[in-house]
Amino acid sequence: MALSELAASPTRTLTRALLAAQAQSAVPSASPARHRDTCFRCFRPKSLCYCALLPQLHNRTPVLIVQHPRERFHPFGTARLLELGLLNSRVEIDHGGRLRRSGALQFESGAALLYPGPGARNLEDIPAGDRPKQLVMIDGTWHHAHTLLRDVKDLQLLPRVQLRLSTPSRYRIRAEPREECLSSVEATVRALQCIEPQTQGFNELLQAFEQIIDRQIVFLQKPQNARHNTRVRPKEQRKFPRALLADEHKLVVCYGESLPCGENRKQAFQWVAQRLASGEMFDCLLDPPQILPHPLAVYLQHMGIAPEALPSAIKPSLFAERWRKFCKGDDIVIAYNQSSLDLLSGLGAKALKSAVLKAVYFNLGRKHGSLDQIAERERLTAAPVDARGRAAQRVANAAALTRFLRRELAKV
């Protein structure tokens, strides 16, 4: 967030020089336009994808990121690092001003807004037992942050906390107007280090952040990365991943069931997938965690899985090999939400190409809802699939939604 990103004058000079060098070295090209592959998890070019650099941190304190819609896909935004690196985090985006309705944001007891200024208490001075039980932060430029705080009444009801800065920001890409500014990832990590100092791994997230910045600066300095006159997709198409319109034979629709395996952690228990063109199925059970909050039978009943199916479960360490036999290297894995893809990544089988149906559906201007609600709302016809439990209906609905979205996107 620009609100929390420090940039001294030398940094501004470097940033402007790099951008100027790009503009001056741009040369018109008569060659055909080249498609630049994008990672639809971090929304960066595949050559600059940082997903593999990020640790998975089990923060105790929930983090709620209230984001301005213009910041969502900003190439140098850092809230995405938090969303991917902190398992106990979520993002609420003010699409269409929806957060400005009273009660649109739901906070946990003991929530506080990380926002500097008059009336904000220094987080370091608050006794450990009185520190925030949920951390809320705003992500956007300095102007956007002011606007959100002014217009989102729910945010105004929260007590505010701020950081006493001892070291400057390491954000060397985006220039900011005030010296007390930190990037979203830096501000949030420093706040979490203060609230829960016993949690390990926060420094790893900051190190990953620095590596990402270093790589971006090196990339900008390469002459061959100057802008070319390439064919740009129509504006209305840019918010949709090209992957969803790929050859149907490459599309694999998936759904994952999970079980709790510790505080704020989940482990994949069932993974179901269907190849969209042929209907070929993949249905795999994994060994459940040894310790569960409730008896395993309770979860099995909820998922619609018979206890007799448990002997077929495999160890998570064997899953990746079995999945590779089903999913080819150039396949595109499609899930309704990002959490399913995160489950797959946690099994050591992260998809090289993926698409999230929920985001595409919303970007078409449709209302949010669960996968089942959307299937009912759009009157989708889901063909039966050969899989166990409720996952069978979920993956069938996801396949029907994929076909529906492909038809809708073809009209755009």
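Heavy-atom basis, side chains included; hydrogens, waters and symmetry copies ignored.
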Enquirer: Once rounded to the nearest 0.5 Å, what's the spacing between atom CZ of Phe202 and atom CG of Leu192?
Expert: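 Output value for this atom pair is 4.5 Å.
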
Enquirer: Heavy-atom count check: over 12 atoms from other residues, nucleotides or ligands less than 6.0 Å from Arg379 CZ?
Expert: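 No.
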
Enquirer: Within a 6.0 Å radius of atom NZ on Lys133, are there more than 12 heavy atoms belonging to other residues, nucleotides or ligands?
Expert: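 More than 12 heavy atoms, drawn from other residues, nucleotides or ligands, come within 6.0 Å of this atom.
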
Enquirer: Which heavy-atom pair separates Pro307 from Leu300 by the least distance, and what is that distance?
Expert: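 Where Pro307 meets Leu300 most closely, the heavy atoms are CA-CD1, 4.0 Å.
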
Enquirer: Please answer whether the main-chain N or O of Arg98 pairs with a side-chain N or O of Asp94 as donor and acceptor at a distance below 3.5 Å.
Expert: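 Yes: the side chain of Asp94 pairs with the backbone of Arg98.
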
Enquirer: Looking only at atom types and distance, does a side-chain atom of Gln274 sit under 3.5 Å from a main-chain N or O of Ala396, one as donor and one as acceptor?
Expert: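 Side chain of Gln274 to backbone of Ala396: no pair is present.
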
Enquirer: Testing the basics here: between Ala79 and Ser184, what is the closest heavy-atom pair and its distance to 0.1 Å?
Expert: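 Nearest heavy atoms, Ala79 then Ser184: N-CB, 4.2 Å.
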
Enquirer: Quick one: closest heavy-atom pair of Arg121 and Pro127, and the distance?
Expert: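 For Arg121 versus Pro127, the nearest heavy atoms are NH2-CD, 4.4 Å.
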
Enquirer: Measure from the side-chain N and O atoms of Arg388 to the backbone N and O of Gly304, and report whether any donor-acceptor pair falls under 3.5 Å.
Expert: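 Such a contact is absent between Arg388 side chain and Gly304 backbone.
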
Enquirer: Using the ring of each side chain (for Trp, its six-membered ring), is Tyr115 parallel, tilted or perpendicular to His146, with breaks at 30° and 60°?
Expert: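 Geometry flag for His146 against Tyr115: perpendicular rings.
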
Enquirer: Once rounded to the nearest 0.5 Å, what's the spacing between atom CG of Asn397 and atom CD1 of Ile374?
Expert: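 The CD1 atom of Ile374 is 10.0 Å from CG of Asn397, to the nearest 0.5 Å.
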
Enquirer: Can you check whether Lys328's main-chain N or O pairs, donor with acceptor, with Asp331's side chain at less than 3.5 Å?
Expert: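 Confirmed, Asp331 side chain pairs with Lys328 backbone.
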
Enquirer: For Gln290, does the CD atom sit with more than 12 other heavy atoms under 6.0 Å from it, leaving out its own atoms?
Expert: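 No.
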
Enquirer: Donor-acceptor check, side chain of Arg44 to backbone of Cys39, threshold 3.5 angstrom: yes or no?
Expert: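 Checked: no pair found.
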
Enquirer: Less than 4.5 Å apart, side chain to side chain, heavy atoms only: is that true for Glu378 and Arg366?
Expert: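 Yes, close enough: below the 4.5 Å cut-off.
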
Enquirer: Only one of Leu86, Leu87, Val189 clears side chain to side chain contact (heavy atoms under 4.5 Å, CB included) with Val63; which?
Expert: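 That would be Leu86.
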
Enquirer: Taking CD in Glu376 as the centre, count heavy atoms belonging to other residues, nucleotides or ligands within less than 6.0 Å. Is the count above 12?
Expert: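 Check fails, neighbour count at 12 or below.
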
Enquirer: Pair Asp330, Lys353 - check salt bridge (Lys or Arg N to Asp or Glu O under 4.0 Å), show working.
Expert: CA-CA 8 Å; Asp330 60 346; Lys353 294 182 180 180; over 6 Å; no

Enquirer: Determine whether a donor-acceptor pair (N or O, by modelled atom type, separation under 3.5 Å) exists between the side chain of Asp154 and the backbone of Leu99.
Expert: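 Checking the backbone N and O of Leu99 against the side chain of Asp154, no donor-acceptor pair under 3.5 Å is found.
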
Enquirer: Classify the angle between the aromatic ring planes of Trp323 and Trp271 as parallel (below 30°), tilted (30 to 60°) or perpendicular (above 60°).
Expert: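 Because their plane-to-plane angle is over 60°, the rings of Trp323 and Trp271 count as perpendicular.
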
Enquirer: Can you confirm whether Pro293 sits close enough to Tyr299 that some side-chain heavy atom of one is under 4.5 Å from a side-chain heavy atom of the other?
Expert: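 In contact.
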
Enquirer: At what distance, to the nearest 0.5 angstrom, does SG of Cys261 lie from CD of Gln267?
Expert: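 Result: 5.0 Å between the selected atoms.
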
Enquirer: Should the pair Asp139-Arg72 be classified as a salt bridge under the 4.0 Å nitrogen-to-oxygen rule?
Expert: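 Between Arg72 and Asp139 there is no salt bridge, as every charged N stays at least 4.0 Å from the carboxylate O atoms.
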
Enquirer: Check Gln270, Arg394, Arg390 against Glu257 for a side-chain hydrogen bond (donor to acceptor under 3.5 Å, both in side chains) and give me the one that passes.
Expert: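 Of all the options given, the one that passes is Arg390.
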
Enquirer: If you measure from CG on Leu113 to CD on Gln134, what distance do you get to the nearest 0.5 Å?
Expert: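 These two atoms lie 10.5 Å from each other.
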
Enquirer: With a 4.5 Å limit on heavy-atom distance, are the side chains of Tyr361 and Phe404 in contact?
Expert: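 In short, these two side chains touch, coming nearer than 4.5 Å.
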
Enquirer: Could you tell me whether a side-chain N or O of Arg265 sits under 3.5 Å from a main-chain N or O of His58, the two making a donor and an acceptor?
Expert: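 It does not hold such a pair.
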
Enquirer: Donor-acceptor pair, distance only, cut-off 3.5 Å: does the side chain of Ser354 make one with the backbone of Val333?
Expert: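 Checking the backbone N and O of Val333 against the side chain of Ser354, no donor-acceptor pair under 3.5 Å is found.
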
Enquirer: Looking at Glu124, I want to see if its CD is surrounded by more than 12 non-hydrogen atoms of other residues, nucleotides or ligands under 6.0 Å.
Expert: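 For Glu124, atom CD is crowded (more than 12 foreign heavy atoms under 6.0 Å).
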
Enquirer: Kindly give the heavy-atom pair with the smallest separation between Val152 and Arg100, and that separation in Å.
Expert: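 Between these two residues, the closest heavy atoms are CG2-CG, 4.1 Å.
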
Enquirer: Can you find a heavy atom in the side chain of Ser89 that is under 4.5 Å from one in the side chain of Leu82?
Expert: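 Counting from C-beta outward, Ser89 and Leu82 never come under 4.5 Å.
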
Enquirer: Working to the nearest 0.5 Å, report the span between CG of Asp287 and OG of Ser317.
Expert: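 Answer rounded to 0.5 Å: 8.5 Å.
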
Enquirer: Ignoring hydrogens and angles, tell me if any N or O in the side chain of Asn88 forms a donor-acceptor pair with the backbone of Arg60 under 3.5 Å.
Expert: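 A pair under 3.5 Å: yes.
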
Enquirer: Do Val136 and Leu105 make a side-chain contact, defined as non-hydrogen atoms from C-beta onward lying under 4.5 Å apart?
Expert: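 No - every pair of side-chain heavy atoms lies 4.5 Å or more apart.
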
Enquirer: Check whether NZ of the Lys or CZ of the Arg Arg275 lies under 6.0 Å from the centre of the six-membered ring of Phe326 and within 45 degrees of that ring's axis.
Expert: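 Cation-pi check for Arg275 and Phe326: passes.
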
Enquirer: With side chains defined as the heavy atoms from C-beta onward, is the minimum distance between Leu57 and Thr199 less than 4.5 Å?
Expert: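 No, side chains not in contact.
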
Enquirer: Working to the nearest 0.5 Å, report the span between CZ of Phe209 and OG of Ser183.
Expert: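 Going from CZ on Phe209 over to OG on Ser183, the span is 3.5 Å.
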
Enquirer: Regarding Asn337 and Ser339, is there a side-chain donor-to-acceptor distance under 3.5 Å anywhere?
Expert: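 Per modelled atom types, Asn337 and Ser339 side chains form a pair under 3.5 Å.
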
Enquirer: Could you report the tightest heavy-atom contact between Ala392 and Val385, atom names first, then the distance?
Expert: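 Here Ala392 and Val385 meet closest at O-CG2, 3.1 Å.
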
Enquirer: Heavy-atom count check: over 12 atoms from other residues, nucleotides or ligands less than 6.0 Å from Arg322 CZ?
Expert: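 Not more than 12 within 6.0 Å, no.
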
Enquirer: Which is it for Leu157 and Phe107 under the side-chain contact (heavy atoms from CB on, under 4.5 Å) test, yes or no, and what are the steps along the way?
Expert: CA-CA 10 Å; Leu157 301 176; Phe107 306 116; 6.0 Å; no

Enquirer: Apply the test side-chain contact (heavy atoms from CB on, under 4.5 Å) to residues Leu148 and Gln67: give CA-CA distance (whole Å), side-chain angles for both, the deciding distance (0.1 Å), then the verdict.
Expert: CA-CA 8 Å; Leu148 284 174; Gln67 189 174 62; over 6 Å; no

Enquirer: With distance as the sole test, does Arg215 use its side chain to make a donor-acceptor pair with the main-chain N or O of Cys49 at under 3.5 Å?
Expert: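 Yes; at least one donor-acceptor contact below 3.5 Å.
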
Enquirer: Does Met281 form a side-chain contact (heavy atoms from CB on, under 4.5 Å) with Val395? I'd like the steps, not just the answer.
Expert: CA-CA 10 Å; Met281 294 298 302; Val395 82; 4.3 Å; yes

Enquirer: Hey, are the side chains of Leu343 and Phe269 touching, using non-hydrogen atoms and a 4.5 Å cut-off?
Expert: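 Side chain of Leu343 against side chain of Phe269, heavy atoms only: no contact under 4.5 Å found.
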
Enquirer: Looking at every non-hydrogen atom in both residues, tell me the closest pair between Cys194 and Pro197 and how far apart they are.
Expert: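 Looks like O-CD, 3.7 Å.
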
Enquirer: Run Leu286 and Leu347 through side-chain contact (heavy atoms from CB on, under 4.5 Å) and show every step you take.
Expert: CA-CA 10 Å; Leu286 297 101; Leu347 291 168; 3.6 Å; yes

Enquirer: Does some side-chain heavy atom of Leu409 sit less than 4.5 Å from a side-chain heavy atom of Val360?
Expert: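 In contact.
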
Enquirer: Is the number of heavy atoms from other residues, nucleotides or ligands within 6.0 Å of CD (Glu321) greater than 12?
Expert: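 It does not: Glu321 CD has 12 such atoms or fewer within range.
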
